[in-house]
4 protein chains.
Amino acid sequence: MKRAIKRVLTIETRRNDLILGTLRSIEKYGYQNSTVQTICEESGVSRGLIGHYFESKDDLLMAAFQHLNAELDKEARLAVRAAGPDPFRRLIAAGLITFAQERRYSQVTLHFWSTALSNPKLLEHHRNLWARFRASTERLMTRAAAERNMEIDIRHSALMFTQLIDGLWLGWTLEKSYDLETCRMLVRDWICKLFNEDPANYPTTMPVREEGSPHVQG
Amino acid sequence: MKRAIKRVLTIETRRNDLILGTLRSIEKYGYQNSTVQTICEESGVSRGLIGHYFESKDDLLMAAFQHLNAELDKEARLAVRAAGPDPFRRLIAAGLITFAQERRYSQVTLHFWSTALSNPKLLEHHRNLWARFRASTERLMTRAAAERNMEIDIRHSALMFTQLIDGLWLGWTLEKSYDLETCRMLVRDWICKLFNEDPANYPTTMPVREEGSPHVQG
Amino acid sequence: MKRAIKRVLTIETRRNDLILGTLRSIEKYGYQNSTVQTICEESGVSRGLIGHYFESKDDLLMAAFQHLNAELDKEARLAVRAAGPDPFRRLIAAGLITFAQERRYSQVTLHFWSTALSNPKLLEHHRNLWARFRASTERLMTRAAAERNMEIDIRHSALMFTQLIDGLWLGWTLEKSYDLETCRMLVRDWICKLFNEDPANYPTTMPVREEGSPHVQG
Amino acid sequence: MKRAIKRVLTIETRRNDLILGTLRSIEKYGYQNSTVQTICEESGVSRGLIGHYFESKDDLLMAAFQHLNAELDKEARLAVRAAGPDPFRRLIAAGLITFAQERRYSQVTLHFWSTALSNPKLLEHHRNLWARFRASTERLMTRAAAERNMEIDIRHSALMFTQLIDGLWLGWTLEKSYDLETCRMLVRDWICKLFNEDPANYPTTMPVREEGSPHVQG
DNA sequence: TATGAATGAGCATTCATTCAT
DNA sequence: GATGAATGAATGCTCATTCAT
């Protein structure tokens, strides 16, 4: 293998190691207690290495957040695609994927959101992501309504949908007083009711991910 | 007034000054950028004073979080009581109060939640509070359903209710892409639909708080 | 004493402690080996104190350099004034003061000069100082020449004067292969020759500084 | 060519590359900002190579200083030799060569001097060099005086000569407030006056160096 | 009681050096 | 011989906490 290619591979590997170590560290010790020390320990590298692959600790944190979001986004896209062409089924898939399983790094997102409040760059990133998800939801709802000749307040319905998901996810992350199956059921029932569909026809179990299509690894 | 009582009053005053200064500092500079320095500046006291009234900065932060929650809780109770004896109206009031106005310290809560993830004491506190709110919601729903001879899945409905509120609040805090009136409307409409009531009969405007019953001051 | 005044005194005292500690550290360990650690040790304070009185280590170094220059400048002014009104005697005094005695912090200046090469602010400071000294020399030479009805190339003579002094000082600092008396003699003889004066009439010994008019202390 | 000889050549080439890169780096970035990184970049080699040819960064810096001095020394010798057999002309040549042209690495010398203050080996090296130059000056002055039947204070005159040169060089390096032609003129005039010679007979222009005898290359 | 000067542990970052390839 | 990835000691800086006044 050519040296240049090999180097690029090493760089990507190391960057990934550090990103995953960062996520592990935040999950394990919390955002505020995650130091270069803990991150490098979790990454299995020495303290000085961060400087080789990231401009600063902040840069690494940002990269970790983007990585996490990208993985979750990719996973969501896959789930939606796997649901087939029907916009209603796609909506349900989009609603359930967040609660598909005990997710790694679930707490990390909350830490990042808190940080985003005083970090314009992070906030911008988050807002773009959520705006996209809401827009995608609106498109699916529009099509599902059209197929049923229904008139639906798309904007408000999409808002309900996304914020119900976020609210359920938030409560589950903080409280663990209800389980993921309940979340899935509530989301499915709400969306079914919106479109006058029978929930019984739409299972809350997610299609099992086949081996080799991981989401966030590490 | 006896000296002992006077001292207790001073102590309470000082603690309150510091707590409000803490909330102001977090709102102004963010959680991570709030130092003993910024907190004491906002409180109008000298840096060394924290040690007299709190065990540590963490202790003060904890107290500030509890204070904030207590105020919000009190405010909610007042709003519910002001709604009169009808359980359904009380439910609506409970649902709308969170979005009553541009709330001070709205970001602080998110910061504290993030912190709670790695602070068992804080987390416990939060869980108790939310459990109580959900229990209260369940009681109101039970009564409202009984009055209407309706059968409702109380537990799941209460969960929907609380998490919809949290989700709307979370999105509003992070994104500001929709306004509080929208939040109030969505919550009212959902609860009205649950009990087959006409939203038109239940305005989303909150009763004006009379002078002298402020919530979080400072 | 009023508290405010007291505080200002403390601040000045501490700043001075740190400045003198800095000079001592540089003299003792060299510029490159002077760390916050060594400076604070020499100053007799803890490592964190620098942050209270100076913006950064660089800021302290700058202040130390300015302090040193100010002291040397003050000392030179006093020596010149003590020489009386005769411009020629004032010239000689200005020429000899640099070599008046084994000066503390003699090496520090060289360190700072080296640093100035890549520090525009420091360089600017140095250039202003030297320009002023050269201008003052030119004025004295102009008057001394006028009194003697002599025509002298003032600009070049002033340049010779200042650079001869610098050259002798530099060699003495680096080599110690000749003594200060030799420096004084060479400078005096050169200036006497320039104005056709008999060196024998102008001793190279400096008037003894009376107690209480120290230069760089510490 | 035998392999051993070839290797020695490679070693010398590499060492020279690194030495010149060091000088370039110091000139470009300053002494304090010259890291192994910048030096190797300037040298066109990889970071790890220093370890193969020098014991340490300090060792390389030392070698660079010695190299620079050796080049300057060689250049001075050539200039003196080119001035012919007349000791007076040789003196003038020795005095002018320092200001012959905008010299590369002019700032480097000052950096090294500052370093020498806390580096005995460097200091020793410098002292030997300067002692030799002073001794050579004394020999030339002795011969020039003898030819003219003059009595001159050789030691002090040589001291004036060397330190005047150093002082002019120092001021020029730090201030750039006068030019090299002025330096040459002042040195020439001083030495002419010492020996009662007419400066008009001794141009300050240096004989042009023929191609192929550069001094510090790189 | 209240102050703010002082402390020093903890932090991110830099960088000369090492060493597997 | 040459590379550059990896190391970790050292540095400047921040800041919660202490304590003399």
Base, sugar-phosphate or nothing for B:G51? Non-hydrogen atoms, less than 4.0 Å.
nothing

Does A:H52 contact F:dA5 through a side-chain donor or acceptor facing the base, at a distance under 3.5 Å?
no

When you get a sec, tell me which of F:dG8, E:dT13, F:dA16 is the closest nucleotide to the side chain of A:S46?
F:dG8

How long is the span from the SG atom in B:C40 to the CD1 atom in B:I50, to the nearest 0.5 Å?
4.0 Å

Between F:dC19 atom P and C:L49 atom CG, what is the distance in whole Å?
17 Å

For C:L18 and E:dT7, what is the distance between atoms CG and C1' respectively, to the nearest whole Å?
14 Å

In whole angstrom, what separates C:Q32's CD from E:dT14's C1'?
15 Å

Measure from the side-chain heavy atoms of D:R47 and tell me the nearest of F:dA5, F:dG12, E:dA5.
F:dA5

Spatial distance of atom CG (B:L23) from atom CD1 (B:I39) [nearest 0.5 Å]
9.5 Å

Return yes if some donor-acceptor pair links the side-chain N/O of C:S34 with the main-chain N/O of C:S25 below 3.5 Å, else return no.
yes

Of the listed nucleotides (F:dA2, E:dT17, E:dA6), which one gets closest to any side-chain atom of C:R14?
E:dA6

E:dG10 - base-pair partner by Watson-Crick or wobble geometry, distances under 3.5 Å
F:dC13

Starting at CG of B:D59 and ending at C1' of F:dT17, how long is that distance when rounded to a whole Å?
14 Å

Judged by each residue's nearest nucleotide on DNA chain F, which is more toward the 5′ side, A:G48 or B:Q37?
A:G48

Whole-Å distance between E:dT21 C1' and A:L9 CG?
16 Å

5'-most contact on DNA chain E (nearest-nucleotide basis), C:I11 vs A:T35, goes to C:I11

CZ of D:R15 versus P of F:dA2: gap in Å, rounded?
14 Å

With a 3.5 Å limit on both atom pairs, tell me what F:dC19 is paired to, counting Watson-Crick and G-U wobble, or say none.
E:dG4

About how many Å separate CD of A:E27 and OH of A:Y105, when rounded to the nearest 0.5 Å?
8.0 Å

Spacing of CG belonging to C:L122 relative to CZ belonging to C:F65, to within rounding of 0.5 Å:
5.0 Å

Roughly how many Å is it from NZ in A:K57 to C1' in E:dG10, rounded to a whole number?
11 Å

In whole angstrom, give the distance that lies between atom CG of B:D58 and atom C1' of F:dC15.
13 Å

Closest listed nucleotide, where the reference is the side chain of A:V36 and the choices are F:dA2, E:dA12, F:dA16:
E:dA12

Tell me whether the side-chain N/O atoms of C:Y53 come closer than 4.0 Å to OP1 or OP2 in E:dA5.
no

